[in-house]
Amino acid sequence: MPNKRQQTHSDFRTRRLAAYNPAIAILYAKLDMKAAKPVFAIRYALRPAKPEAHLYEVSCRIEHPDPAGQRLALPAWIPGSYLIRDFARHIVSISAEAGGAPVALTRIDKHTWQAAATNGKQALTLNYTVYAWDLSVRGAHLDPTHAFFNGTSVFLRVVGQEEAPCLIDLQPPKGKPYSGWRVATALTPAHKEKQAAEPHGFGLYAAASYDELIDHPVEMGTFTLTSFTACGVPHEIAITGRHDCTDNALKRLTADLKKICEWQIRFFGEPAPMKKYVFLVTTVGEGYGGLEHRASTALLCSRDDLPYAGMTGLPERYRTFLGLCSHEYFHTWNVKRIKPAAFTPYNLDRENYTTLLWAFEGFTSYYDDLALLRSGVISEKDWLELTAKTIDNVLRAPGRLKQSLADSSFDAWSKYYRPDENTPNAVVSYYAKGALVALALDLTLRAGTAGRRSGHISLDEVMRALWQRHGQTGLGVGDDDIRKVAEALSGLRLKRFFNEAVNGTRDLPLEKLLKPFGITLRREAASNTPSLGVKTVTDGSDLKLSVVYADGAAQHAGLSAGDVLVAIDGIRITPASFERQLGRHRAGDTVELLAFRRDELMRFSVSLTAAATDTTQLKTGAAGNALRKQWLGKS
Ligand code: ZN
């Protein structure tokens, strides 16, 4: 839910809209007369009609349709996931009626319909069926065990009335097997309506605008539910899918999340911008993903990532899950409210290009782990380990030398979100390198302002300033705004830093930057095994090349991604034996590799190179280093 100030802002925009839409103007005149009860010009009803067939039935009633012919559209993408997904392809049937008579619908493009002109005095109702069989955080899913949807998959946008408040009637599936189903969502019950939903119940919910409507995913079913408060804000965790995170394990999860959420709310400053927050967790055998929303997040994880009875310490899988929760929660501020100018507002019909994803995903990636450390959930040793891994992820991909962060952000739609075998050679991750830029900027600011009588400046102050200037005002962040804020706060000149870090492709001088904080960075080879310059995957009993790194031994010899390695110097290769076989050689040796490309056997003469020094060690030296304590200490 938006905070009070944002509601006012949204209300203002609605009234501005009323100035040129007479139907809405009348509506708001009524609203002013009876200020106690809002009038809803749009009403959706959604029912998981055939769970076994994965079909939702949805209706959308528009009180004041455009008399010239109302347009309706489904988004082409979902904010937070930068790929065109064409959700409208899952609408399997659609019809319209007004006053009991059918109204013709014409297709305008792959996601837009136009209803025939009506007299405008009668409400127009669309009835449609949506196929939902995408078990991801981005789409909609329905079967007899549960229902999950994002509004972008199921709610048609009433073109021209995006700012109108709407009602949502969530209905349960029919039949006894579904009598125990409940609802988990951060949508607000329509309190003033007769059929307002009870907590976790079916019934009426309300949204102030279409933007708000599609930013609240909904889970229905028999999920595990637990709650906690963070800085006075009620939080819920709803876990769907088979799992064993109950009793004490669930308490552990709740306690850890509470620490993380409280730290983040205090980091940006109370009060929190949401009235309620919901973690919607779906567990599967193997899976990982998260999508941020203004008052909730949809998460997909392996059931083994969650705490379990008898768990001790902090297993790596659980640490990763907490990092995911922390990441999506930080987005509540950084990208859901502090937004790139290109997202204010979103254009839901097409790609929204921004060169700033490194700041919204990268800075969020930096703070997700830092929040775990500063809230006391992980140790400094854990944090150094995680940071070393991020450094390795960046430095192992030759694409970092080809693509800048600004370009990686801009091209997210066609490159980062559409990876192929060449991605490591051509693309830099705006998550991983963006996190390193945050680290480098934080260290630069801290070292450059240390010892000032007025106090030092860090990236923390920059984030808080961005929150005040952009998050709380709704003003989009421009390409140069982060630099300007950082310079204004610190008095440092940062043009060169940003130019090299964001527009350049040179590696960041992390070793030098970490030194004053008592941390030494060393890069070493993980083993003595000479390098082939590839990444492999096991495919049944085959060993397949998944990546052939630019300028590595394998690429020089002519091997390609997709090749299946068969023999080395006349001896058969198996997935289990390959490392050992390679390990019996030295750098400079030439070996003969046999490989299948498709069904053709090919021979390659490969000159092995020295093992890459691709593994980072971060060690703390001077114990009690004051700068480090100030930075990484519990706060
Ligand atoms: Zn993210």
Side-chain angles (χ1 to χ4, degrees), residues 77-83 85 136-139 150 152 186 214-217 257 260-261 263-264 267-268 273-274 277-282 287-301 305 319-340 342-344 346 351-372 386-387 389-390 393-394 405-406 408-413 415-419 427-439 459 463 466-467 470-471 476-477 482 502:
W77 62 287
I78 180 167
S81 183
Y82 308 109
L83 183 68
R85 297 188 189 272
S136 79
V137 296
R138 309 170 297 255
N150 283 289
T152 36
I214 59 167
D215 204 17
H216 289 84
L257 281 183
I260 297 163
C261 296
W263 184 85
Q264 293 198 20
F267 174 84
F268 282 104
M274 62 292 191
Y277 192 90
V278 185
F279 291 92
L280 296 171
V281 185
T282 299
Y288 179 82
L291 192 59
E292 67 275 10
H293 298 282
R294 71 186 67 184
S296 59
T297 176
L299 305 168
L300 185 77
C301 70
D305 295 345
R319 186 177 75 183
T320 304
F321 177 73
L322 289 177
L324 176 66
C325 295
S326 178
H327 180 95
E328 304 307 342
Y329 197 75
F330 197 82
H331 274 317
T332 309
W333 291 267
N334 197 34
V335 95
K336 293 313 306 187
R337 290 176 175 82
I338 309 168
K339 291 180 178 187
F343 293 175
T344 50
Y346 298 116
E351 293 88 346
N352 285 203
Y353 297 106
T354 169
T355 56
L356 289 173
L357 291 182
W358 55 271
F360 292 93
E361 289 302 345
F363 284 24
T364 300
S365 297
Y366 174 61
Y367 276 105
D368 62 25
D369 287 337
L370 204 54
L372 300 187
L386 290 166
T387 303
K389 270 192 193 156
T390 307
N393 285 343
V394 173
L405 280 180
S408 179
S409 300
F410 191 89
D411 285 332
W413 305 82
K415 292 195 173 179
Y416 190 82
Y417 266 86
R418 294 174 67 184
V427 172
V428 66
S429 162
Y430 50 76
Y431 284 86
K433 191 178 170 188
L436 297 189
V437 170
L439 169 67
L459 190 57
M463 293 311 299
L466 288 170
W467 166 236
H470 295 275
V477 177
I482 297 171
V502 176

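Ligands are counted one by one from 1 in listed order, and the atoms in each one are counted from 1 as well. Sequential numbering from 1 along the given sequence is applied to the chain's residues. For the numbers below, each heavy atom of this structure counts, side chains included, while hydrogens, waters and symmetry mates do not.
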Colleague: In His327, which N, O or S atom comes closest to the Zn ion (ligand 1)?
Modeller: NE2

Colleague: Going by the angle between their ring planes, with limits at 30° and 60°, are Tyr277 and Tyr329 parallel, tilted or perpendicular?
Modeller: perpendicular

Colleague: Please find the N/O/S atom of His331 nearest to the Zn ion (ligand 1) and write down its name.
Modeller: NE2

Colleague: Give the atom name of whichever N/O/S atom in Glu361 sits closest to the Zn ion (ligand 1).
Modeller: OE1

Colleague: Would you call the rings of Tyr367 and Phe267 parallel, tilted or perpendicular if under 30° counts as parallel and over 60° as perpendicular?
Modeller: tilted

Colleague: Measure the acute angle between the ring planes of Tyr82 and Tyr417, then classify it against the limits of 30° and 60° as parallel, tilted or perpendicular.
Modeller: perpendicular

Colleague: Tyr346 vs Lys339, test: side chain to side chain contact (heavy atoms under 4.5 Å, CB included). Steps then yes/no.
Modeller: CA-CA 10 Å; Tyr346 298 116; Lys339 291 180 178 187; 3.7 Å; yes

